[in-house]
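Some notes on the structure that comes next.
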There are 2 protein chains.
Amino acid sequence: MELEKLVHIAGLIGEPARIKMLWTLMDGKAYTATELALFAEVSPQSASAHLGKMVQANLLKVSCQGRHRYFSYARDEVAYAVEGMANLISLQKDKLIPATKDFPFRYCRTCYDHIAGRAGVVITDRLLMLEYLVEKGDAYAMTAQGQTFFKDFGIDTDVLLKLRRPFARPCLDWSERRSHLAGSLATAIFEKIITEDWMRKVQHSRTLSITAKGQLNLYETLGIEI
Amino acid sequence: MELEKLVHIAGLIGEPARIKMLWTLMDGKAYTATELALFAEVSPQSASAHLGKMVQANLLKVSCQGRHRYFSYARDEVAYAVEGMANLISLQKDKLIPATKDFPFRYCRTCYDHIAGRAGVVITDRLLMLEYLVEKGDAYAMTAQGQTFFKDFGIDTDVLLKLRRPFARPCLDWSERRSHLAGSLATAIFEKIITEDWMRKVQHSRTLSITAKGQLNLYETLGIEI
DNA sequence: TAATTATTTAATTCTAGAATGAAATATATA
DNA sequence: TATATATTTCATTCTAGAATTAAATAATTA
């Protein structure tokens, strides 16, 4: 019966360790059982049991690589469900959070080693609009103007292009449901933005906060108002 | 911290009795504690405790009327979150369900006393497109052509218009995220469709199934193919 | 007014299911 | 080959939180 299934799925997602794991996986990356155990603060045995249940329920899928087993979402609907829950947390009755509706995490955060959230999407949009990057298949290619821009920005793209790692590719942003920039270029931009103190990492969180300096410079270099 | 809140909310939604109550409330109506206790198959005391927690977390709101306390969603986000979970149930690995992606409940169901789901939205769209109804403020008004159509259809709109109850108004459909028709006209249409055996109620469920006769007639009267 | 119905509260019991501990399996590395 | 690491399995223990029991509160009806 339908209702029984709903109860089952809700029960799976509602367990602390499991929702923590699901939250960790929101960046779209695959993680090993051990990594997820650490994030969820449970023992490897517990994690294994939890992960098994979620695979069973087709919430997660596993890809085996040697002695590692990488877990990730089995389908987009899982991310939407988790997002649906996350959207509930900002506006509790006893809210201490001020005016802004979007909690900072969605607004501006890291996704592995690059900028995600609204800020990530806006920057990516802008780089495309200014034709510093263009879509090419399922990746982004740099234009001549782009090369000049990034050089001025302080990024040596020649070095990046020689790396094995993908240079610039889209990464689906769950909160925006649109793509932001990933790859070695995205990492370089992120590092530059941090070292120049345009943004700051918030401790023990993937949240980023934008500095006044950053606001000014993002406007001057890319015409972005955040 | 953000993560703790997510764990809390997910835990609230993940409990069997609570998700059953939340599911019941998906039709947008308000229900008393006793009704919700029945739906969730728990004692009134348990239900009261569960409801208290959900009100506390601002998932539900209460409106008091005499000795009754009516519970309903505190905000749309709750419906989206529940919907997000429901979207996960159809495609489990061990699925027994055949081809159709949308499970019947979403497809065609009752919402209180009228037709909701995909079918409800399609019928409403068609009535507007054929200009039998037109939007008027936050309600629908019947046109002259509409009057003729409903008369041929076997509905005495003169009687309906004299009732206190709203004649025709939009009702947000959670699964479609669009409006379907509610009000006395919607009820009359629903009753007509049932008595003419165009659709049948599925026992102990809000699901409706469309008969062959219904398919034919919906096509002939409204040009709808379902 | 008393009796009835709706709901909540508080104290206690109970249990599903998570955590734990010990051991097995499987892959990688030296 | 032996050793270390990653992960799972199983049997057992433990506990958060749901259910229960009993009683209080509050509005409604007779």
Side-chain angles (χ1 to χ4, degrees), chain A residues 3-25 29-72 74 85 93, chain B residues 3-25 29-72 74 85 93:
Chain A
L3 190 55
E4 301 311 315
K5 286 191 187 171
L6 182 64
V7 167
H8 178 235
I9 288 285
L12 279 176
I13 296 181
E15 201 280 333
R18 286 192 291 255
I19 187 70
K20 285 183 193 171
M21 291 176 176
L22 289 170
W23 182 243
T24 303
L25 292 162
K29 276 194 58 187
Y31 290 88
T32 66
T34 309
E35 285 171 331
L36 291 168
L38 281 168
F39 285 126
E41 298 173 291
V42 294
S43 67
Q45 302 98 296
S46 281
S48 177
H50 288 306
L51 291 166
K53 285 176 189 181
M54 291 195 281
V55 169
Q56 185 68 32
N58 197 28
L59 295 180
L60 300 184
K61 65 174 192 286
V62 207
S63 41
C64 300
Q65 278 172 34
R67 62 183 164 181
H68 295 280
R69 304 191 72 203
Y70 285 94
F71 294 86
S72 59
M85 315 238 40
K93 219 169 206 170
Chain B
L3 189 55
E4 301 311 313
K5 286 191 188 172
L6 182 64
V7 167
H8 179 235
I9 288 284
L12 279 176
I13 296 182
E15 201 279 332
R18 286 193 290 256
I19 186 68
K20 285 183 193 173
M21 292 176 175
L22 289 169
W23 182 243
T24 303
L25 291 163
K29 277 193 59 186
Y31 290 88
T32 66
T34 309
E35 286 170 330
L36 291 168
L38 281 169
F39 285 126
E41 298 172 292
V42 293
S43 68
Q45 300 97 300
S46 281
S48 178
H50 288 306
L51 290 166
K53 286 177 188 178
M54 290 194 282
V55 169
Q56 184 68 33
N58 196 28
L59 296 179
L60 300 184
K61 65 173 192 288
V62 207
S63 41
C64 300
Q65 278 171 35
R67 64 183 162 182
H68 296 279
R69 306 191 72 201
Y70 285 92
F71 294 87
S72 58
M85 315 239 41
K93 221 169 205 170

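So that the names make sense, note that chain A is the first sequence line, chain B the second, and so on, each numbered from 1. Every value quoted in this text rests on a predicted model; they were computed, and no experiment measured them.
- If you measure from atom CD of A/Q56 to atom P of D/dT9, you get 11 Å, rounded to the nearest angstrom.
- Using a 4.0 Å cut-off, some side-chain N or O of A/S46 falls inside it from OP1 or OP2 of C/dA19.
- Here B/R69 does not reach the OP1 or OP2 of D/dA27: none of its side-chain N or O atoms lies under 4.0 Å away.
- Between B/W23 and A/V7 the shortest side-chain heavy-atom distance does not fall below 4.5 Å.
- We find that NE2 of B/H68 is positioned 15 Å from C1' of C/dT8, with the value rounded to whole Å.
- For residues 32-49 of chain A, the set of pairs meeting the salt bridge (Lys or Arg N to Asp or Glu O under 4.0 Å) definition, not counting sequence neighbours, comprises A/K20-A/E41.
- Rounded to a whole Å, the NZ atom of B/K53 is 7 Å from the C1' atom of D/dA18.
- In this structure, the side chains of A/I19 and B/I9 stay at 4.5 Å or more apart for every pair of heavy atoms.
- Among residues at least two apart or in separate chains, ring pair (Phe, Tyr, Trp, His ring centres under 6.0 Å) pairs with a member in residues 39-59 of chain B are B/Y31-B/F39.
- Taking every side-chain heavy atom of B/S48 into account, C/dT9 is the closest of D/dT8, C/dT9, D/dT7.
- If you take CD of B/E41 and C1' of D/dA18, they are 15 Å apart, rounded to a whole angstrom.
- Residue-level contact check: B/E15 touches the backbone only, with heavy atoms under 4.0 Å from sugar-phosphate atoms and none from bases.
- In this structure, NE2 of A/H50 is placed 16 Å from P of D/dT7, rounded to the nearest angstrom.
- Look at CD on B/Q45: it is 10 Å from C1' on C/dT9, rounded to the nearest Å.
- Whole-Å rounding puts the A/I19 CD1 to C/dA18 C1' distance at 17 Å.
- Atoms CZ (B/F71) and C1' (C/dA6) sit 11 Å apart, rounded to a whole Å.
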